[in-house]
Protein chains: 2
Amino acid sequence: MAVTDEAIEKIKDMIVSGALRPGDRLPKESELAADLGLSRNSLREAVRALSLIRILDVRQGDGTYVTSLDPQLLLEALSFVVDFHRDDTVLEFLAVRRILEPAATAMAASRISEQQLDALGAQLDKLGDSPSVEELVAADLDFHRGIVQSSGNSVLCSLMDGLSGPTTRARIWRGLTQEDAVSRTLHEHRAILAALRDRDTEAARSWATVHIASVEQWLRSSL
Amino acid sequence: MAVTDEAIEKIKDMIVSGALRPGDRLPKESELAADLGLSRNSLREAVRALSLIRILDVRQGDGTYVTSLDPQLLLEALSFVVDFHRDDTVLEFLAVRRILEPAATAMAASRISEQQLDALGAQLDKLGDSPSVEELVAADLDFHRGIVQSSGNSVLCSLMDGLSGPTTRARIWRGLTQEDAVSRTLHEHRAILAALRDRDTEAARSWATVHIASVEQWLRSSL
DNA sequence: TGTGCTGAGACATCGGACGTCTCAGCACAG
DNA sequence: CTGTGCTGAGACGTCCGATGTCTCAGCACA
């Protein structure tokens with residue numbers, strides 16, 4: 001195995017074993033390189049790789065630190081990966097979302113706070129009836145993220161964020177807005193919100209399913 | 001932004017835009033470095049980072065290639081990230097699995113081939129009644145992977161693989177095997193298989209839910 | 001025709017030099 | 001005494017050039 005790969009493993013082990021804890025600072029590059037028995041250049045490749053997936057945080061002029069290792073942070077890397085997928089696998093991602101989103105929405109129905117409900121309502125009101133594509137994409141993202149956050153599972157939240165990130169959604173919406181989908185989407189959002197307000201778990205789940213399924217159906221017919 | 005980060009973005013763009021396709025070979029390091037306007041060392045950091053998450057495949061003495069970009073390959077990186085999570089978030093990962101696994105099992109019920117069913121049955125028979133921990137972990141992984149593969153959604157399959165990889169499962173099983181969980185698990189596996197044989201979507205979904213929930217319950221009580 | 005050698009090309013690794021950035025600590029003005 | 005601004009040490013950022021190692025295509029020979 002290449003020395004850089006070894007270094008990646010060793011740093012990983014140091015963190016997993018607890019020798020390095022979240023927020024800890026690593027020895028300076030030259031020291032760490034000496035400890036692990038490789039050159040600074042090779043070590044830097046390892047550090048760079050770990051920093052791309054948000055394990056390490058390098059601050060020029062300061063030092064290198066272990067990140068908080070929050071699921072939220074680590075799963076962010078997922079969206080980077082998802083960006084590489086082409087249209088033919090978008091459907092599969094959407095199918096996964098169709099499984100997760102209704103479940104998350106149902107979970108939220110029994111846990112969401114009045115405050116959150118009001119925030120979601122205000123957001124829908126602010127959007128109006130004929131938003132631009134960018135506004136709609138942003139609002140759609142915010143709306144669903146707000147709900148999933150209320151599910152109380154941060155892993156689930158980050159996963160959904162990664163799976164249906166801006167890029168994916170934009171790609172879908174680019175075509176979708178040409179139909180009557182805009183008003184239907186807004187209507188469905190309101191229905192979901194109403195179900196949440198009623199604390200109606202099953203209604204929330206069903207509306208979320210309908211919501212995703214309608215997108216999926218459109219996408220399937222247009223590919 | 002650092003030159004290396006720019007390079008990562010540029011290489012990503014080249015792939016996403018289609019200038020570089022899966023399987024394509026990149027220009028040699030020195031050339032690419034010159035094209036992107038940075039040194040070979042810095043470029044190498046970018047390449048290493050992208051190879052860690054399976055976007056690029058570097059072969060010493062040959063060249064650097066774009067991988068197949070299969071969802072399966074890319075989501076492999078997920079398990080690397082999951083390894084960093086500590087016990088307190090394992091429950092959240094399990095909760096996500098509790099959502100996905102029943103859905104995947106239900107999907108498999110209507111699509112799985114006779115051949116696959118026989119393979120799963122043979123695997124269960126081979127395991128016997130009192131397997132070792134390692135055998136059980138491996139068998140458990142294989143069993144569920146086999147089912148999820150039959151769901152026909154490769155993204156779902158890779159995602160599940162990443163979320164409940166060897167490390168996570170081993171961690172859970174280490175404690176779980178001390179109880180009567182072994183025989184109960186084997187029994188549940190057989191029940192799931194029977195439901196699949198009957199093409200009984202709902203029974204399959206329910207057994208899968210029960211299966212995960214029992215693990216979750218044990219885990220929750222022992223933390 | 002098949003085997004084995006060989007050299008070109010590409011990645012692997014290293015060590016050192018220099019630039020840039022951050023932060024703590026000191027000096028000075030208010 | 002307090003707050004501002006400078007300054008220098010330390011750490012990361014970047015680059016260069018040299019050398020080692022590996023892969024593969026192509027040639028020579030049996």
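A note on names: the letters A, B, ... follow the listed sequences, proteins ahead of strands, and every chain is numbered from 1. Just so you know, these numbers use all the heavy atoms, side chains as well, and skip hydrogens, waters and symmetry mates. Remember, it's a predicted structure, so these values are computed and weren't measured experimentally.
- The interatomic distance linking B:L32 (CG) with C:dG9 (P) rounds to 19 Å, in whole Å.
- The nearest whole Å value for the distance from the CG atom in A:L50 to the C1' atom in D:dC12 is 16 Å.
- Annotation: salt bridge (Lys or Arg N to Asp or Glu O under 4.0 Å) contacts of A:E92 (sequence neighbours excluded): none.
- Phosphate proximity of D:dC12 to A:T64: present, with a side-chain N or O under 4.0 Å from OP1 or OP2.
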Please write out the pairs of protein N or O atoms and N or O atoms of nucleotides 15-18 of chain C separated by less than 3.5 Å, giving the distance to one decimal.
residue: C:dG15; atom: O6; partner: A:N41; partner atom: ND2; Å: 2.2

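- Without hydrogens or angle criteria, B:S151 side chain to B:I147 main chain gives no donor-acceptor distance under 3.5 Å.
- Listed pair A:R48 / D:dT14 meets the phosphate criterion, a side-chain N or O lying under 4.0 Å from OP1 or OP2.
- Residues from residues 20-30 of chain B that place a heavy atom under 4.0 Å from any atom of DNA chain C, listed by number: B:R25, B:K28, B:E29.
- Rounded to an integer number of Å, the gap from CG of B:L43 to P of D:dG17 is 17 Å.
- If you take CD of B:E45 and P of C:dC14, they are 14 Å apart, rounded to a whole angstrom.
- Remark: B:S68 pairs with B:D70, B:L73 by the side-chain contact (heavy atoms from CB on, under 4.5 Å) rule, at least two apart or across chains.
- Under the 30°/60° scheme for interplanar angles, the aromatic rings of B:H144 and B:H211 are found to lie parallel.
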Tell me, what's DNA chain D's dot-bracket, Watson-Crick or G-U with both distances under 3.5 Å, | for other-strand, [ ] crossing? ||||||||||||||||||||||||||||||
Under 3.5 Å donor-acceptor pairs involving side-chain atoms of residues 54-63 of chain B, not counting sequence neighbours:
residue: B:R54; atom: NE; partner: B:E76; partner atom: OE1; Å: 3.1
residue: B:R54; atom: NH1; partner: B:L52; partner atom: O; Å: 3.3
residue: B:R54; atom: NH2; partner: B:E76; partner atom: OE1; Å: 3.1
residue: B:D57; atom: OD2; partner: B:R59; partner atom: NE; Å: 3.2
residue: B:D62; atom: OD1; partner: B:Y65; partner atom: OH; Å: 2.9
residue: B:D62; atom: OD2; partner: B:Y65; partner atom: OH; Å: 3.3

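- Taking the side-chain contact (heavy atoms from CB on, under 4.5 Å) definition, one finds that B:P22 meets it with B:L69, sequence neighbours left out.
- With sequence neighbours excluded, the residues that form a side-chain contact (heavy atoms from CB on, under 4.5 Å) with B:I99 are A:I99, A:L100, A:A103, A:M107, A:L156.
- Rounded to a whole Å, the CD atom of B:E31 is 12 Å from the P atom of C:dG9.
- Applying the salt bridge (Lys or Arg N to Asp or Glu O under 4.0 Å) criterion to A:R111, with sequence neighbours excluded, gives no partner residue.
- Judged as a salt bridge (Lys or Arg N to Asp or Glu O under 4.0 Å), and not counting sequence neighbours, the contacts of B:E216 are B:R98, B:R220.
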Restricting to nitrogen or oxygen on both sides, can you table the protein-nucleotides 20-26 of chain C pairs closer than 3.5 Å?
residue: C:dT20; atom: O2; partner: A:Q60; partner atom: OE1; Å: 3.3
residue: C:dC21; atom: O4'; partner: A:Q60; partner atom: OE1; Å: 3.1

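- Among residues at least two apart or in separate chains, side-chain hydrogen bond (donor to acceptor under 3.5 Å, both in side chains) pairs with a member in residues 12-27 of chain B are A:D83-B:K12.
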